[in-house]
Amino acid sequence: MMIKAEYIWLDGTEPAAKLRSKTKILEAGAEPPIWGFDGSSTNQAEGNSSDCVLKPVKVVPDPIRGGENILVLCEVLDTDFTPHPTNTRAATAATAEKYAGQESWFGIEQEYTFMVGSRPLGFPEGGYPAPQGGYYCGVGADEIFGREIVEKHLDNCLTAGLPISGINAEVMPGQWEFQVGPASALDVSDSLWLARWLLYRTAEEFGVSATIDPKPAKGDWNGAGCHTNFSTKAMRDDYEPIIAACEALGAKAEEHVKNYGHGIDERLTGQHETAHWSQFSYGVSDRGASIRIPWQVEKDKKGYLEDRRPNANMDPYIVTRMMVDTVCSALEKKGLV
Ligand code: ADP
Ligand code: MN
Ligand code: MN
Ligand code: MN
């Protein structure tokens with residue numbers, strides 16, 4: 001029997017990579033082979049030397065096509081099999097391996113917005129809905145826009161076996177969130193990219209688009225972030241490593257913010273539950289801080305931290321690599337592992 005394998009990869013679009021995919025017919029049960037594509041159509045090569053290589057890294061059941069069909073997440077390589085310059089996963093794999101002993105976990109909260117044309121779903125034509133306040137975790141047709149798509153996306157992620165941990169309606173109409181994890185840096189990142197692909201693909205069936213634009217509606221509306229919850233084994237056992245992790249992230253604040261997603265200065269304005277991008281802070285239960293220590297964590301004196309800075313359009317390979325690198329090296333230096 002033949003099956004359809006949807007090969008999915010990240011392209012070279014600036015300032016934020018886009019997802020691309022195409023279909024290969026395979027014998028059921030066969031290992032998905034290395035494949036290729038035309039890099040000159042994806043901002044990944046010049047026309048005179050256009051071949052790029054697709055190397056499968058994660059295979060899951062395809063909930064859209066069903067049956068024995070599969071989704072195949074790929075890394076992009078050059079034809080000499082070295083990582084392509086747009087491949088941000090290879091460096092994450094190396095860093096995760098280097099600090100594997102510290103057992104990093106990530107839980108990522110992906111916020112996003114449904115759009116119809118240039119308007120968020122639920123925004124009336126030529127005007128604005130009631131100001132935000134009642135939409136977050138709301139119920140009812142006056143507050144909720146797109147729930148049938150959200151439910152279908154959640155089912156699709158679960159059918160694909162992705163480690164989704166929850167969903168909720170967000171502060172702006174048409175804005176939603178799903179959470180992935182806790183899982184390792186590579187697993188959470190691969191899963192988040194697949195969940196994003198499934199989001200776009202699921203919404204497509206409803207004639208709606210989804211965007212991870214960090215500021216989809218200008219003005220007095222919340223932006224969209226990708227809060228990144230993080231712990232190492234030492235942090236899950238003790239409080240001192242959590243404070244040390246916050247301090248380490250503070251010492252490299254500028255470098256982190258620069259790599260946390262394009263347009264971060266438009267979202268981290270100091271308003272709408274954010275800390276200003278140029279000012280680092282951490283605090284217990286503080287949703288106006290760069291990093292929040294959940295109240296339960298302070299009470300238990302162990303657990304995890306929430307980096308609230310990453311934008312909705314961030315690349316999880318980059319964010320998880322930087323957090324592992326910054327925190328794990330600091331904990332090692334301080335003898336806290
Ligand atoms: P918020 O209260 O900020 O909205 P959410 O419930 O949306 O938080 O997301 C919290 C995320 O943190 C979830 O994905 C959860 O699985 C993850 N998480 C929980 N414990 C840990 C941990 N020890 N390390 C890393 N992530 C964790
Ligand atoms: Mn959340
Ligand atoms: Mn949220
Ligand atoms: Mn959060």
Side-chain angles (χ1 to χ4, degrees), residues 96 99 102-114 132-133 135-138 150 154 157-158 162-192 195-196 199 210 212-216 221-239 241-243 245-246 249 260-261 267-268 271-275 282-314 316 319-320 323-324 327-328 331:
Y99 293 110
Q102 293 199 38
E103 297 174 41
S104 296
W105 291 359
F106 290 88
I108 299 183
E109 307 167 46
Q110 174 73 63
E111 294 179 343
Y112 62 93
T113 311
F114 289 129
Q132 57 187 33
Y135 305 107
Y136 171 76
C137 298
V150 172
L154 177 59
C157 287
L158 291 171
L162 303 181
I164 294 281
S165 51
I167 55 170
N168 61 267
E170 268 302 335
V171 171
M172 189 178 86
Q175 195 183 47
W176 294 82
E177 170 180 313
F178 63 84
Q179 299 103 31
V180 187
S184 69
L186 273 188
D187 189 18
V188 86
S189 303
D190 290 342
S191 299
L192 178 55
R196 284 174 175 176
L199 176 66
I212 54 174
D213 183 330
K215 199 74 188 177
W221 301 98
N222 272 37
C226 234
H227 297 166
T228 302
N229 300 273
F230 174 72
S231 65
T232 65
K233 182 164 189 315
M235 292 162 70
R236 292 189 293 276
D237 287 344
D238 241 321
Y239 201 56
I242 295 180
I243 299 301
C246 291
L249 288 163
Y260 275 10
R267 177 178 143 263
L268 299 186
Q271 291 182 311
H272 303 116
E273 303 175 61
T274 69
Y282 65 90
V284 176
S285 292
D286 188 354
R287 286 173 197 271
S290 315
I291 293 184
R292 175 176 69 103
I293 299 172
W295 68 270
Q296 184 79 45
V297 172
E298 204 252 356
K299 185 161 169 275
D300 297 345
K301 294 283 178 253
K302 61 181 179 180
Y304 63 99
L305 61 81
E306 175 192 45
D307 192 335
R308 300 176 57 80
R309 297 170 294 172
N311 258 3
N313 61 350
M314 62 85 147
V319 170
T320 60
M323 290 183 74
V324 168
V327 172
C328 292
L331 295 185

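Just follow the structure's listing: the first ligand is 1, and inside any ligand the first atom is 1.
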Row for the Mn ion (ligand 4): angle OE2 (Glu109) to ND1 (His227), 10° precision, value 110°

Donor-acceptor check, side chain of Glu111 to backbone of Gly225, threshold 3.5 angstrom: yes or no? yes

Ignoring hydrogens and angles, tell me if any N or O in the side chain of Gln110 forms a donor-acceptor pair with the backbone of Ala312 under 3.5 Å. yes

Can an N or O of Ser231 be found at a distance shorter than 3.5 Å from an N or O of ligand 1? yes

So, the side chain of Arg287 versus the backbone of Arg308: is there a donor-acceptor pair under 3.5 Å, distance only? no

In terms of atom number and element, which parts of ligand 1 are under 4.0 angstrom from non-hydrogen atoms of Glu306? 3 (O)

Counting only nitrogen or oxygen atoms and a 3.5 angstrom limit, does Asn168 reach ligand 1? no

Less than 4.5 Å apart, any side-chain heavy atom of Leu305 and any of Leu249? yes

Measure from the Mn ion (ligand 3) to every N/O/S atom of Glu170 and report the name of the nearest one. OE2

Do any N or O atoms from the side chain of Thr228 and from the backbone of Cys226 form a donor-acceptor pair under 3.5 angstrom? yes

Which residue owns the protein heavy atom closest to atom 11 (C) of ligand 1, what's the atom, and how far is it? Asn229 ND2, 3.3 Å

Pairing donors with acceptors under 3.5 angstrom, does anything connect the side chains of Asn222 and Gln132? yes

Would you please determine whether Glu111 falls within less than 4.0 Å of ligand 1 on a heavy-atom basis? no

Give the atoms of ligand 1, by number and element, whose distance to some non-hydrogen atom of Arg287 is under 4.0 Å. 2 (O), 3 (O)

Of all N/O/S atoms in Glu306, the name of the one nearest the Mn ion (ligand 4): OE2

Pull out every atom of ligand 1 sitting under 4.0 Å from any heavy atom of Gln179, numbered as shown with elements. 7 (O), 9 (O), 14 (O)

Below 4.0 Å from any atom of ligand 1, is there a heavy atom belonging to Arg308? no

Under the 3.5 angstrom rule, does the side chain of Arg309 hit a backbone N or O of Leu268 as a donor-acceptor pair? no

Tyr260 and Asp307: side-chain contact (heavy atoms from CB on, under 4.5 Å), yes or no, with the steps? CA-CA 10 Å; Tyr260 275 10; Asp307 192 335; 2.9 Å; yes

Test of understanding: given a 4.0 Å heavy-atom threshold, classify the contact between Glu170 and ligand 1 as side chain, backbone, both, or neither. neither

Shortest protein heavy-atom distance from atom 14 (O) of ligand 1, along with the residue and atom involved: Ser165 OG, 3.1 Å

protein heavy-atom neighbour closest to atom 2 (O) of ligand 1 works out as Arg292 NH2, 3.4 Å

Quick one: which of Pro182, Gly107, Ser104 has a heavy atom closest to atom 16 (O) of ligand 1? Pro182

Hey, is Gly181 one of the residues with a heavy atom under 4.0 angstrom from ligand 1? yes

Return yes or no for this condition: an N or O of Tyr304 is under 3.5 Å from an N or O of ligand 1. no

I'd like to know whether ligand 1 has Glu177 as a neighbour, heavy-atom separation below 4.0 Å. yes

Kindly say whether Gly223 contributes a backbone atom to a donor-acceptor pair with the side chain of Gln175 at under 3.5 angstrom? yes

Checking distances from the Mn ion (ligand 3), one finds that the N, O or S atom of Glu111 closest to it is OE2

Checking the side chain of Ser189 only, and the main-chain atoms of Pro316 only, is there a donor and an acceptor separated by less than 3.5 Å? yes

Could you tell me whether some N/O pair between His227 and ligand 1 is separated by less than 3.5 angstrom? no

Is the closest side-chain heavy-atom distance between Phe230 and Met235 below 4.5 Å? yes

Among the N, O or S atoms that Glu177 has, which is closest to the Mn ion (ligand 3)? OE1

Backbone N/O of Cys328 and side chain of Gln102: donor-acceptor pair under 3.5 Å: yes

Can you tell me the protein heavy atom closest to atom 1 (P) of ligand 1 and the distance? Glu109 OE1, 3.6 Å

Less than 4.5 Å apart, side chain to side chain, heavy atoms only: is that true for Trp105 and Asp187? no

Does the N or O separation between Phe106 and ligand 1 drop below 3.5 Å for any pair? no

Side-chain donor or acceptor of Lys215 paired with backbone N/O of Trp221 under 3.5 Å: yes

